[in-house]
Amino acid sequence: MMVIMKKGYSQEEFQAVLKRLEEVGLSGHPIVGKEKTVIGVVGQVYPELADDLETMPGVEGTVPISSPYKLSSREFKSEDTVVNVRGVPIGDAHTVVIAGPCAVENEEQLMTTARAVKAAGAQLLRGGAFKPRTSPYSFRGLEKRGLELLAAAREETGLPVVTEVMSVRDIDLVAQYADVLQIGARNAQNFILLEEVGKVGKPVLLKRGLSATVQEFLLAAEYILKTGNRNVILCERGIRTFETATRNTMDVNAIALIRQVSHLPIIADPSHGTGKWALVAPVGLACIAAGAHGLIVEVHPSPEHALSDGAQSLTPENFAALMARATQIADVMGRPMFQPAAQPVPA
Ligand code: PEP
Ligand code: MN
């Protein structure tokens, strides 16, 4: 439910509504707009609540939110949410690209990749330090050393860093280094992790679960939003289907649909969505055309030697070619590629 405040309501009236909600075990999430102030109410709403609230001074009325997801819905907030990551806006009328290796493997691999993706126009750097692997015998990431290397790459290139946090155990450590905390597909319904990551307050990149419906995906986002953290970026990364010719099936439908039903930014991961490097560019471009606010792409200086996801990693040359095409499609779609302001030249 949403509580709509009257024009010219007083602070006391506003606070009284929030207090009333708290008294009955509900939480109020205000959006103070230029035209209107509304308070999203989440929790088990009882039948007489609307009547109770509508009699309070300063309250214009209440409106039910019909979807099961509330804070992520357009019914709750009609304007697009823009998540600002160190000056890079995700969710506005621009396109952004996050690129880097699947896993941070060593200094040279990461620095070479970071320099290459920056030169090609990527605005953020990705790289896993904690890797969820199907087999416990596969390379599982450099952990703290990987995070330190990401911080060094950010220092040199200026690119903000996106990296995965797999467990509540590691949140404090990862949050010391990351600009965006990534929740991977395998953890997308780890509800305690979602809440704890939300509480950090930093932007969260939430991947869609391997077999999550759009509704389950948005309900997962709801766990983060409910902590008061509004900085959620959704990521469509393909879903499990009967098809085995590709690693996953990229659900382009979900991108277009989520743009309609949610105000949250949504980006696409054509690397995991296809599993095949030659499909990354065509499918990535289709996702931008479908309305994605950006892409997250795996790049490796030597994909055939990659310790994870080599088959879907682009070489720096192929990534530069994708950026050129993505820039064109983004222009056609009226969502030009975001250009970070030139760094001031030190005197
Ligand atoms: C990744 O980004 O490298 C990754 C493991 O992605 P996902 O969780 O989507 O499989
Ligand atoms: Mn990967």
Side-chain angles (χ1 to χ4, degrees), residues 97-105 109-110 113-114 117 122 124-136 138-143 146-147 149-150 161-167 170 174 178-190 193-194 197 203-212 214 216-217 220-221 224 232-241 246-252 254-255 258 266-277 279-280 283-284 287 292 294-315 319:
V97 177
I98 305 168
C102 176
V104 178
E105 297 172 6
Q109 172 247 15
L110 181 65
T113 313
V117 301
L124 293 101
L125 176 67
R126 63 149 290 150
F130 290 88
K131 293 303 303 175
R133 301 306 301 273
T134 301
S135 163
S138 302
F139 174 63
R140 294 169 67 188
L142 298 181
E143 304 192 346
L147 296 171
L149 291 174
L150 285 165
V161 161
V162 181
T163 195
E164 179 163 352
V165 56
M166 281 175 52
S167 142
D170 306 321
V174 178
D179 298 301
V180 178
L181 295 160
Q182 176 176 324
I183 299 285
R186 290 153 194 80
N187 263 321
Q189 286 189 306
N190 181 339
L193 179 64
L194 294 172
V197 163
V204 179
L205 176 71
L206 174 65
K207 297 255 193 140
R208 179 174 179 183
L210 305 175
S211 321
V214 167
E216 287 164 344
F217 186 17
I224 303 167
V232 177
I233 304 155
L234 302 171
C235 179
E236 167 59 46
R237 47 78 72 204
I239 49 173
R240 279 270 168 101
T241 68
T246 49
R247 181 175 177 183
N248 289 299
T249 295
M250 194 64 179
D251 189 1
V252 182
I255 295 170
I258 286 172
I266 175 149
I267 66 165
D269 176 349
S271 305
H272 294 87
T274 63
K276 293 180 188 289
W277 73 265
L279 303 183
V280 169
V283 174
C287 292
L295 300 179
I296 180 166
V297 177
E298 289 185 340
V299 180
H300 194 286
S302 173
E304 63 279 21
H305 297 113
L307 298 182
S308 66
D309 286 351
Q312 65 193 36
S313 296
L314 298 183
T315 59
F319 177 69

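Just the heavy atoms: all of them, side chains too, but no hydrogens, waters or symmetry mates, feed the values below. Being a predicted model, the structure only gives us computed values, none of them experimental. Ligands are counted one by one from 1 in listed order, and the atoms in each one are counted from 1 as well.
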Atoms named by residue and atom, protein N, O or S, within reach of the Mn ion (ligand 2) (under 2.8 Å): Cys102 SG, His272 NE2, Glu298 OE2, Asp309 OD2
Side chain Arg237, main chain Pro270, donor-acceptor under 3.5 Å: no
N-O pairing of Glu164 and Lys207 below 4.0 Å: no
Trace of the side-chain contact (heavy atoms from CB on, under 4.5 Å) decision for Phe319 with Val117: CA-CA 7 Å; Phe319 177 69; Val117 301; 3.8 Å; yes
Residues in side-chain hydrogen bond (donor to acceptor under 3.5 Å, both in side chains) contact with Arg247, at least two apart in sequence or another chain: Asp309, Gln312
Neighbour count above 12 (heavy atom, 6.0 Å) for Arg133 CZ: yes
Test side-chain hydrogen bond (donor to acceptor under 3.5 Å, both in side chains) applied to Ser167 - qualifying residues, sequence neighbours left out: none
Glu105 versus His300, side-chain donor and acceptor atoms under 3.5 Å: yes
Pair Arg208 + Asp269: basic N to acidic O under 4.0 Å: no
Proximal protein residues to ligand 1, non-hydrogen atoms under 4.0 angstrom: Cys102, Arg126, Lys131, Pro132, Glu164, Gln182, Gly184, Ala185, Arg186, Lys207, Arg237, His272, Glu298
Side-chain H-bond candidate by donor/acceptor type, Glu298 with His272, under 3.5 Å: yes
